[in-house]
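In what follows, a structure is listed as structure tokens, so that the remarks can point back to it.
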Amino acid sequence: MARLAQTAGLTDIQQEILSTVRDFVDKEIIPVATELEHRDEYPQQIVDGLKELGLFGLMIPEEYGGLGESLLTYALCVEEIARGWMSVSGIINTHFIVAYMLKQHGTQEQKDHFLPRMAAGDIRGAFSMSEPGLGSDVSAITSKAVKDGEEYVLNGQKMWLTNGGTSSLVAVLVRSDEEHPEGTAPHKSMTTFLVEKEPGFGEVRPGLTIPGKIDKMGYKGVDTTELIMDGLRIPADRVLGGVTGRGFYQMMDGVEVGRVNVAARGCGVAQRAFELGVRYAQQRHTFGKAIAQHQAIQFKLAEMATKVEAAHAMMVNAARKKDSGERNDLEAGMAKYLASEYCKEVVEDAFRIHGGYGFSKEYEIERLYREAPMLLIGEGTAEIQKMIIGRRLLEEYRFQG
């Protein structure tokens, strides 16, 4: 197994971080993940362990108390964590998207105020774009912010917040039409607000309610919620970057990081599915020999391993492109699309190798089978990724007739 999904060119520090995370996953996550997932229980002890390891500050600059590591290091850590339990990787993903947006777009005051406490894990981040009537069309957002003196009043309903209950800081994208000329394109009249709140459910600050957790098929343990704003008052200095109308671009920049993360999660889940499949194939005997000795099973294992390797390579390439400062929406879209699709296929093949036992909740593959579909829609569906990829390819290969 150690020969799959290796990454060339890592520094000694990167290798040490990954080794530490891998040991933590093997000892602290894998042994308890299925039990906690079946109970839909928040993995507080695991999260505390990640905090002690400093992972909440992995990509936050050293000047703010973080480790100042690259997106590649972060993605490889996410891959390892998702191999143990995908829900745990979701807890740190939304946190890092908000931290990244603050680092890239926040005012100096906002960075000084939030990033040190986010690096320590004392503030946990979540971000919110989606709404109940909103699919992939972000420009159709209806939640609004209206200026009132030195404050803004926010109203509307948001949907699908990972860490909605446990977070204490939410980056919320809303419309701010009144501050922009009539006829302004929808994506140019959106603003990101930094909303501080108390962790928990119910009314977590005046005008802001987090209803209970949404009951999901998979991706359990982590809390996924709605967010309801009814006269929520936010100071003007909590507009991300201090200027309205830039929210769409800020969010899309964060989502590019999120797409690399989803690709990494797909790689991690696929790796775990391959591990389970290849192990079971050597333990299960039919017709007088281990099923791993049957050619049909060997073909499956070969296809699974190749998909794991290919997805990992594309994820690493997308992370390195972003780290270089170059535009990476093409690479991130490709990596997210391929890794999520391959993850689904590898998990299903591992499920088939398990035969009837794969349908039993006693076997880990049953949990992975329910988790993999979330990656097909998280941070943009396959169809959205293909639109991004197609448009970028036409830019790169524009025919000059």
Side-chain angles (χ1 to χ4, degrees), residues 94 97-98 101-102 105-114 117-118 123-135 137-212 214 223-255:
T94 51
I97 289 178
V98 177
M101 290 168 61
L102 273 162
H105 306 287
T107 65
Q108 192 59 54
E109 185 276 331
Q110 290 168 352
K111 295 176 186 178
D112 292 339
H113 181 76
F114 290 113
R117 288 186 289 163
M118 294 186 79
I123 287 181
R124 306 279 171 79
F127 78 104
S128 176
M129 288 193 296
S130 189
E131 297 183 356
L134 176 67
D137 182 12
V138 180
S139 65
I141 280 176
T142 60
S143 298
K144 288 188 177 182
V146 177
K147 188 79 178 291
D148 183 19
E150 295 301 311
E151 295 181 316
Y152 286 86
V153 180
L154 276 59
N155 289 282
Q157 184 177 2
K158 309 298 283 186
M159 193 71 177
W160 305 118
L161 275 77
T162 300
N163 288 344
T166 50
S167 61
S168 46
L169 173 66
V170 185
V172 181
L173 184 66
V174 300
R175 303 183 69 89
S176 51
D177 297 322
E178 68 168 15
E179 297 210 286
H180 301 279
E182 188 175 346
T184 299
H187 62 279
K188 293 184 178 180
S189 59
M190 293 186 186
T191 299
T192 301
F193 285 86
L194 301 170
V195 178
E196 298 172 84
K197 70 177 187 65
E198 290 296 320
F201 300 97
E203 189 174 46
V204 291
R205 67 175 284 176
L208 180 63
T209 299
I210 305 290
I214 297 170
D223 49 297
T224 305
T225 74
E226 300 174 69
L227 179 148
I228 300 171
M229 300 173 291
D230 184 10
L232 173 63
R233 305 188 75 88
I234 302 294
D237 63 5
R238 287 299 174 257
V239 171
L240 180 61
V243 180
T244 62
R246 297 180 180 174
F248 178 82
Y249 304 102
Q250 295 164 345
M251 280 281 180
M252 290 303 104
D253 190 22
V255 165

Is there side-chain contact between [X] and [Y], with at least one heavy-atom pair below 4.5 Å?
X      : Y      : value
Thr166 : Pro199 : no
Gln110 : Leu194 : yes
His113 : Arg238 : yes
Arg124 : Met118 : no
Ile214 : Met159 : yes
Leu102 : Leu169 : yes
Arg233 : Pro206 : no
Val138 : Phe248 : yes

Distance check, rounded to the nearest 0.5 Å: [X] atom [atom1] versus [Y] atom [atom2]?
X      : Y      : atom1 : atom2 : result
Ile228 : Leu208 : CD1   : CG    : 9.0 Å
Lys188 : Thr244 : NZ    : OG1   : 13.5 Å
Ser143 : Leu173 : OG    : CG    : 9.0 Å
Met251 : Phe127 : CE    : CZ    : 6.5 Å
Met190 : Lys144 : CE    : NZ    : 11.5 Å
Thr107 : Leu240 : OG1   : CG    : 8.0 Å

For the backbone of [Y] and the side chain of [X], can you confirm whether one donor and one acceptor N or O come within less than 3.5 Å of each other?
X      : Y      : result
Thr225 : Gly212 : no
Asn163 : Ala126 : no
Asp230 : Asn155 : no

Considering all heavy atoms, the nearest [X]-[Y] contact:
X      : Y      : answer
Gln250 : Met101 : O-CG, 3.8 Å
Thr191 : Ser176 : OG1-OG, 2.7 Å
Val174 : Ala145 : CG2-CB, 3.7 Å
Leu227 : Pro211 : N-CD, 4.5 Å
Gly231 : Val153 : CA-CG1, 3.7 Å
Val98  : Ala171 : CG2-CB, 4.3 Å

[atom1] ([X]) with more than 12 external heavy atoms under 6.0 Å:
X      : atom1 : answer
Asp237 : CG    : yes
Glu150 : CD    : no
Arg246 : CZ    : no
Lys147 : NZ    : yes

* To do: Please test Glu151 against Ile234 for side chain to side chain contact (heavy atoms under 4.5 Å, CB included), starting from the C-alpha separation and ending with a verdict.
  => CA-CA 5 Å; Glu151 295 181 316; Ile234 302 294; over 6 Å; no
### Query
Would Thr142 and Glu131 satisfy side-chain hydrogen bond (donor to acceptor under 3.5 Å, both in side chains), going step by step from the backbone distance to the final call?
CA-CA 8 Å; Thr142 60; Glu131 297 183 356; 3.0 Å; yes
| Between Glu226 and Gln157, is a side-chain hydrogen bond (donor to acceptor under 3.5 Å, both in side chains) present by the stated rule, with each step listed? | CA-CA 7 Å; Glu226 300 174 69; Gln157 184 177 2; 2.4 Å; yes
- Query: What do the steps show when you test Arg175 against Ser189 for side chain to side chain contact (heavy atoms under 4.5 Å, CB included), and what is the final call?
  - Reply: CA-CA 6 Å; Arg175 303 183 69 89; Ser189 59; 3.9 Å; yes
side-chain hydrogen bond (donor to acceptor under 3.5 Å, both in side chains) pairs touching residues 197-210, sequence neighbours excluded, are none
